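Here is the structure we will look at, set down as structure tokens.
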Amino acid sequence: MPTNVRNRIEKINLDHLLMENLELASHSSIQCGGNAQWAAYPNNFEELRILINHAKDNNLPLSILGGATNTLISDKGVDGLVILTGHLARRHVQGEMFCVLSGCPLDKAISQAIEDGLEGLEMLGGIPGTVGGAIHGNSGANGVQIGDLLYYVDYMTLDGKLHRMQIHQDEFSYRHSPFTGRDDLIIYEAGFRLKPTTQTSEVRKRKDTVKKHRKYEGLYDYPSLGSIFKNPDGKKAAALIDACNLKGYTIGGASISPTHANIIINKEGKATSEDVRALIEYIRTTVQREFHITLQEEIHYLGRW
């Protein structure tokens, strides 16, 4: 295709994709935060590549936002281009391989895998966020981490090229993956090696059971980012915070959940991200003073802090 024709096509696609000054609070699971200078929902690989090239050509900082279930967005907003992955959600099956794009909500992907007659992911049922986010932080529950089931990850580098990483389990650890902390690539697709099953109703029951347990613990009662802190070696962050009698403690509109001490909630819908961050620091300082343990966040920060 001639370069001038390609440029015109990309310009048309950009005009269709780009949104200016998009508010992000409604995109966040804790429902606070400012606006994106620019934002876009790519629908496929080509649109993602065009957006990356646009950011590079215009010296725009580039941020990736999936379900925003463990990302605290600054009240002051986010400079540059925010790529929202929610429209990258298709899946297909190749034998025992379940392949899904990174923007698909993890819980939905698990249900789709069961529909496709594949088991293995169901113990992660109810974990909020997208497939890409779960891989980035190696989400886990009930003795299973998502890295345990990965076979490959396709990712795009900032030159617009697609690469495949064959997964080695020793590269994954508690809340850590080869992608953790990397801002020079975007997870695009994941392939999971699962087990064929004809007992899909039983697999679905296991998924529903673990999801109901998460609900019973109050994990969905109010807008939140899920667990705020990683568990220190040999300890539970929630137990340490609870031992400091901090359940229900409030700063501004942000409160520590009365049912789960490692969760901060936006109970009245009036919390700011500054409230949440101030509460995080208060918890850290209190636990450090009482137990001489420094808690480290499991969540990420995005924007102008």
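Keep in mind that what you see is a predicted model, and the values were worked out from it rather than measured. Every heavy atom of this structure was used, including side-chain atoms; hydrogens, water molecules and symmetry mates were not.
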Should [X] and [Y] count as side-chain neighbours, where that means a heavy-atom distance under 4.5 Å?
X: Asp275; Y: Lys270; value: no
X: Phe172; Y: Pro178; value: yes
X: Arg206; Y: Glu119; value: yes
X: Trp305; Y: Ser273; value: yes
X: Leu51; Y: Leu18; value: yes
X: Ile241; Y: Ile228; value: no
X: Arg164; Y: Asp154; value: yes
X: Leu72; Y: Tyr301; value: yes

Nearest 0.5 Å please: distance from the [atom1] atom of [X] over to the [atom2] atom of [Y].
X: Met165; Y: Ser177; atom1: CE; atom2: OG; answer: 8.0 Å
X: Leu121; Y: Ile110; atom1: CG; atom2: CD1; answer: 5.5 Å
X: Gln112; Y: Cys104; atom1: CD; atom2: SG; answer: 4.5 Å
X: Leu246; Y: Ser257; atom1: CG; atom2: OG; answer: 12.5 Å
X: Leu225; Y: Asn262; atom1: CG; atom2: CG; answer: 11.0 Å
X: Asp208; Y: Glu122; atom1: CG; atom2: CD; answer: 11.0 Å

Quick check: are there more than 12 heavy atoms from other residues, nucleotides or ligands sitting under 6.0 Å from [atom1] of [X]?
X: Tyr151; atom1: OH; answer: no
X: Glu268; atom1: CD; answer: no
X: Lys207; atom1: NZ; answer: yes

- Could you walk me through whether Met97 and Arg193 pass the side chain to side chain contact (heavy atoms under 4.5 Å, CB included) check? CA-CA 5 Å; Met97 190 79 67; Arg193 179 75 79 182; 3.9 Å; yes
Do the ring planes of [X] and [Y] sit parallel (below 30°), tilted (30 to 60°) or perpendicular (above 60°)?
X: Phe192; Y: Phe98; result: tilted
X: Tyr282; Y: Tyr249; result: parallel
X: His300; Y: His136; result: perpendicular

- Salt bridge between Glu274 and Arg277, side-chain N to carboxylate O under 4.0 Å? no
- Item | Short N-O contact, Lys267 and Asp221, less than 4.0 angstrom | no
Give the cluster check for [X] versus [Y]: same hydrophobic cluster or not, with ILVMFWY residues linked at side-chain heavy-atom distances below 4.5 Å.
X: Leu84; Y: Val78; value: yes
X: Met123; Y: Ile127; value: yes
X: Val153; Y: Met156; value: no
X: Tyr41; Y: Leu101; value: no

So which heavy atom on [X] is nearest to which on [Y], and how close?
X: Leu302; Y: Ser63; answer: CD1-OG, 3.5 Å
X: Ile293; Y: Val287; answer: O-CG1, 3.7 Å
X: His87; Y: Asn43; answer: ND1-OD1, 3.1 Å
X: Pro258; Y: Ile265; answer: CD-CD1, 4.1 Å
X: Ala237; Y: Pro232; answer: N-CD, 4.0 Å
X: Val82; Y: Ala36; answer: CG2-CB, 3.7 Å

- Verify the distance criterion only: is there a donor paired with an acceptor across the side chains of Tyr152 and Glu189 at less than 3.5 Å? yes
- Query: Is there a donor-acceptor contact under 3.5 Å linking the side chains of Ser255 and Thr250?
  - Reply: yes
Look at the side chain of [X] and the backbone N and O of [Y], then say whether any donor-acceptor pair between them is shorter than 3.5 Å.
X: Asp107; Y: Gly126; result: yes
X: Glu23; Y: Ser26; result: yes
X: Glu96; Y: Lys195; result: no
X: Thr85; Y: Leu88; result: no
X: Ser28; Y: Ala25; result: no
X: Ser29; Y: Ser224; result: yes
X: Asp242; Y: Ala238; result: no
X: Asp116; Y: Leu118; result: no
X: Arg284; Y: Leu295; result: yes

- Query: Taking it one step at a time, do Asp159 and Lys56 satisfy salt bridge (Lys or Arg N to Asp or Glu O under 4.0 Å)?
  - Reply: CA-CA 9 Å; Asp159 57 4; Lys56 182 179 179 181; over 6 Å; no
- May I have the step-by-step check of side chain to side chain contact (heavy atoms under 4.5 Å, CB included) for Phe291 and Lys235, ending in yes or no? CA-CA 11 Å; Phe291 296 105; Lys235 305 285 185 180; over 6 Å; no
- Task: Check the pair Asn231 / Lys236 against side chain to side chain contact (heavy atoms under 4.5 Å, CB included), numbers first and verdict last.
- Result: CA-CA 5 Å; Asn231 290 326; Lys236 294 285 188 181; 3.9 Å; yes
- Test side chain to side chain contact (heavy atoms under 4.5 Å, CB included) applied to Tyr174 and Glu298, step by step: CA-CA 10 Å; Tyr174 175 67; Glu298 186 172 316; 4.2 Å; yes
- Matching residue for Asp148 among Leu150, Val144, Ile146 - test: side chain to side chain contact (heavy atoms under 4.5 Å, CB included): Val144
